[in-house]
Amino acid sequence: MPTALVTGITGQDGSYLAELLLSKGYRVVGIVRRSSTTPYERIAHLVDRIELVSADLLDQTSLTDVVGDCAPDEIYNLAAQSFVQTSWSQPVLTGEFTALGVTRVLEAMKKAAPKARFYQASSSEMFGKVVESPQRETTPFYPRSPYGVAKVYGHWITVNYRESFGLYAVSGILFNHESPRRGLEFVTRKVTDAVARIKLGMAKEVRLGNLDSRRDWGFAGDYVDAMWRMLQQDAADDYVIGTGHTCSVRDLCQAAFACVGLDYRDHVAQDPRFFRPAEVDLLVADPSKAARQLGWTPKVSFEELVRMMVEADLERLRPRA
Ligand code: GDP
């Protein structure tokens with residue numbers, strides 16, 4: 001039975017990846033940070049089948065010990081400070097987790113499990129102010145936030161440890177991926193949660209920032225399968241993962257409100273608080289290398305994704321009899 005070690009197991013991607021790995025017969029070990037409360041809502045249905053161990057991306061010793069103790073075949077580094085907006089108010093912390101955290105996990109692997117395979121959760125935010133469209137593995141990076149800058153560091157340190165030390169280390173450049181488990185601060189979930197509240201009479205409007213920015217949004221459940229496939233190849237390599245389609249935040253609002261028969265123009269207000277100091281205007285992936293080499297294609301369309309999220313929020317918020 002292979003062992004997978006997952007940082008960020010309590011997050012959206014960690015929970016879907018844990019489900020996938022369990023279904024494939026893995027022993028799944030998840031790293032959690034010590035806390036007096038247990039924010040395990042996304043993995044509550046899995047806690048009996050996975051092992052949780054305590055370590056911290058800011059603490060080298062704890063990471064090296066955990067890697068040594070659990071002897072992983074695969075390490076998935078999904079933990080980060082992952083919200084772009086927060087990276088302007090906490091830029092140093094974002095760099096500690098999202099940039100240097102990657103080096104710490106790689107150091108732990110180099111010392112304690114050098115034969116393991118390493119996946120780094122890289123991000124389309126690295127493309128930022130895009131220099132070509134669609135974006136592919138060879139597109140130069142131009143990050144537009146402290147988060148994007150930190151992810152560029154994480155990408156290159158992964159490539160560097162592969163080239164310097166011969167580690168099997170890959171960087172998966174994933175475009176935005178969403179689900180009913182997405183954090184409420186991200187625009188997709190903020191909108192679908194608001195649609196459900198407005199439909200149920202619990203709210204009247206939702207306040208958003210820039211409605212014109214465009215993203216390539218896919219379903220997180222599809223994307224964790226791409227992560228796994230990247231670690232099953234003969235040689236480590238980097239891949240762009242996305243749908244190849246782009247929609248605006250306005251399109252998202254239109255589609256989400258239409259799911260419940262409402263017109264977004266009656267309920268969406270713009271609020272300067274949600275505009276960003278520097279914006280990423282357009283992201284759209286060229287995922288053809290992943291299709292060719294990994295046999296990966298996305299299964300869930302944008303419309304299906306939005307409907308899935310609206311229905312899950314309606315179900316969660318509907319008053320119980
Ligand atoms: P990101 O691509 O990782 O930054 O994912 P987000 O879901 O946080 O943001 C996607 C896009 O939606 C960005 O261009 C934001 O500027 C835009 N957006 C517009 N209004 C909002 C809002 O109220 N919250 C968030 N999170 N994003 C918003």
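We count ligands from 1, going down the list as the structure has it; atoms in each ligand are counted the same way.
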Visitor: Just which atoms of ligand 1 are under 4.0 Å from any heavy atom in V249?
Guide: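 In order of numbering, the contacting atoms are 12 (O), 17 (C).
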
Visitor: Flag G209 as yes when one of its N or O atoms lies below 3.5 Å from any N or O atom of ligand 1, and as no otherwise.
Guide: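 Yes: some nitrogen or oxygen of G209 is under 3.5 Å from one in ligand 1.
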
Visitor: Heavy-atom pairs closer than 4.0 Å: do any link ligand 1 to the side chain of L208, the backbone, both, or neither?
Guide: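 Within the 4.0 Å criterion, L208 contacts ligand 1 through backbone and side-chain atoms alike.
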
Visitor: Decide side-chain hydrogen bond (donor to acceptor under 3.5 Å, both in side chains) for D59 and T61; before the verdict, give the C-alpha distance in whole Å, the side-chain angles of both, and the deciding distance to 0.1 Å.
Guide: CA-CA 6 Å; D59 186 78; T61 305; 4.7 Å; no

Visitor: Can you find an N or O of E125 that's nearer than 3.5 Å to an N or O of ligand 1?
Guide: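 The answer is yes, given that E125 and ligand 1 share an N or O pair closer than 3.5 Å.
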
Visitor: Is the closest side-chain heavy-atom distance between L78 and V6 below 4.5 Å?
Guide: yes

Visitor: Mind listing the closest non-hydrogen atom pair of T3 and C70 along with its distance?
Guide: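 Taking every non-hydrogen atom into account, CG2-O, 3.7 Å.
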
Visitor: When you measure from the side chain of R229 to the backbone N and O of G295, does any donor-acceptor pair fall under 3.5 Å?
Guide: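 Judged by distance alone, yes, a pair lies under 3.5 Å.
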
Visitor: Is the shortest distance from a Lys or Arg side-chain nitrogen in R189 or E185 to a carboxylate oxygen in the other one below 4.0 Å?
Guide: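 Here R189 does not pair with E185 in a salt bridge, since their nearest N and O are not under 4.0 Å apart.
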
Visitor: Just to confirm my output: which protein heavy-atom neighbour is closest to atom 19 (C) of ligand 1, and how far is it?
Guide: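 Protein heavy atom with the smallest distance to atom 19 (C) of ligand 1: N210 O, 3.2 Å.
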
Visitor: Below 4.5 Å, heavy atoms only, C-beta onward: do S122 and I173 meet side chain to side chain?
Guide: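 They are in contact (side-chain heavy atoms under 4.5 Å apart), so the answer is yes.
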
Visitor: Do Y264 and V195 come within less than 4.5 Å of each other through their side chains, counting heavy atoms only?
Guide: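 Answer no - side chains too far apart.
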
Visitor: Can you list the atoms of ligand 1 that are under 4.0 Å from a heavy atom of F274?
Guide: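 Contacts of ligand 1 toward F274, numbered from 1: 23 (O).
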
Visitor: Kindly identify the option in E185, R144, R276 whose heavy atom sits closest to atom 8 (O) of ligand 1.
Guide: R276

Visitor: To check your reading of the model: name the closest protein heavy atom to atom 23 (O) of ligand 1, its residue, and the distance in Å.
Guide: K190 NZ, 2.7 Å

Visitor: Going by an N to O cut-off under 4.0 Å, is there a salt bridge joining E107 and R104?
Guide: no

Visitor: Side chain or backbone of N176 under 4.0 Å from ligand 1, or both, or neither, by non-hydrogen atoms?
Guide: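 Within the 4.0 Å criterion, N176 contacts ligand 1 through side-chain atoms alone.
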
Visitor: Could you tell me which atoms of ligand 1, counted from 1 in the order shown, lie closer than 4.0 angstrom to a heavy atom of V84?
Guide: 3 (O), 4 (O)

Visitor: In plain terms, say whether D13 and R181 are close enough for a salt bridge, that is, a side-chain N and a carboxylate O under 4.0 Å apart.
Guide: no

Visitor: I need the contact type for F83 against ligand 1. Using non-hydrogen atoms and a strict under-4.0 Å cut-off, is it side chain, backbone, both or neither?
Guide: side chain

Visitor: Passes ring-ring contact (aromatic ring centres under 6.0 Å, His included), Y168 versus F118? Steps please.
Guide: CA-CA 6 Å; Y168 190 115; F118 176 82; over 10 Å; no

Visitor: Which residue owns the protein heavy atom closest to atom 13 (C) of ligand 1, what's the atom, and how far is it?
Guide: R215 NH2, 3.4 Å

Visitor: Among all the protein's non-hydrogen atoms, which is closest to atom 16 (O) of ligand 1, and how far away is it?
Guide: E279 OE2, 2.6 Å

Visitor: Specify the protein heavy atom at minimum distance from atom 17 (C) of ligand 1: its residue, its atom name, and the distance to 0.1 Å.
Guide: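 Among all protein heavy atoms, the one nearest atom 17 (C) of ligand 1 is S213 OG, 3.7 Å.
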
Visitor: Would V187 count as a polar contact of ligand 1, with the cut-off being nitrogen or oxygen pairs under 3.5 Å?
Guide: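 Looking only at distances, the answer is yes, because the N/O contact criterion of under 3.5 Å is met.
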
Visitor: Indicate yes or no: does an N/O atom of T188 lie under 3.5 Å from an N/O atom of ligand 1?
Guide: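 Min N/O separation from ligand 1 is not below 3.5 Å for T188.
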
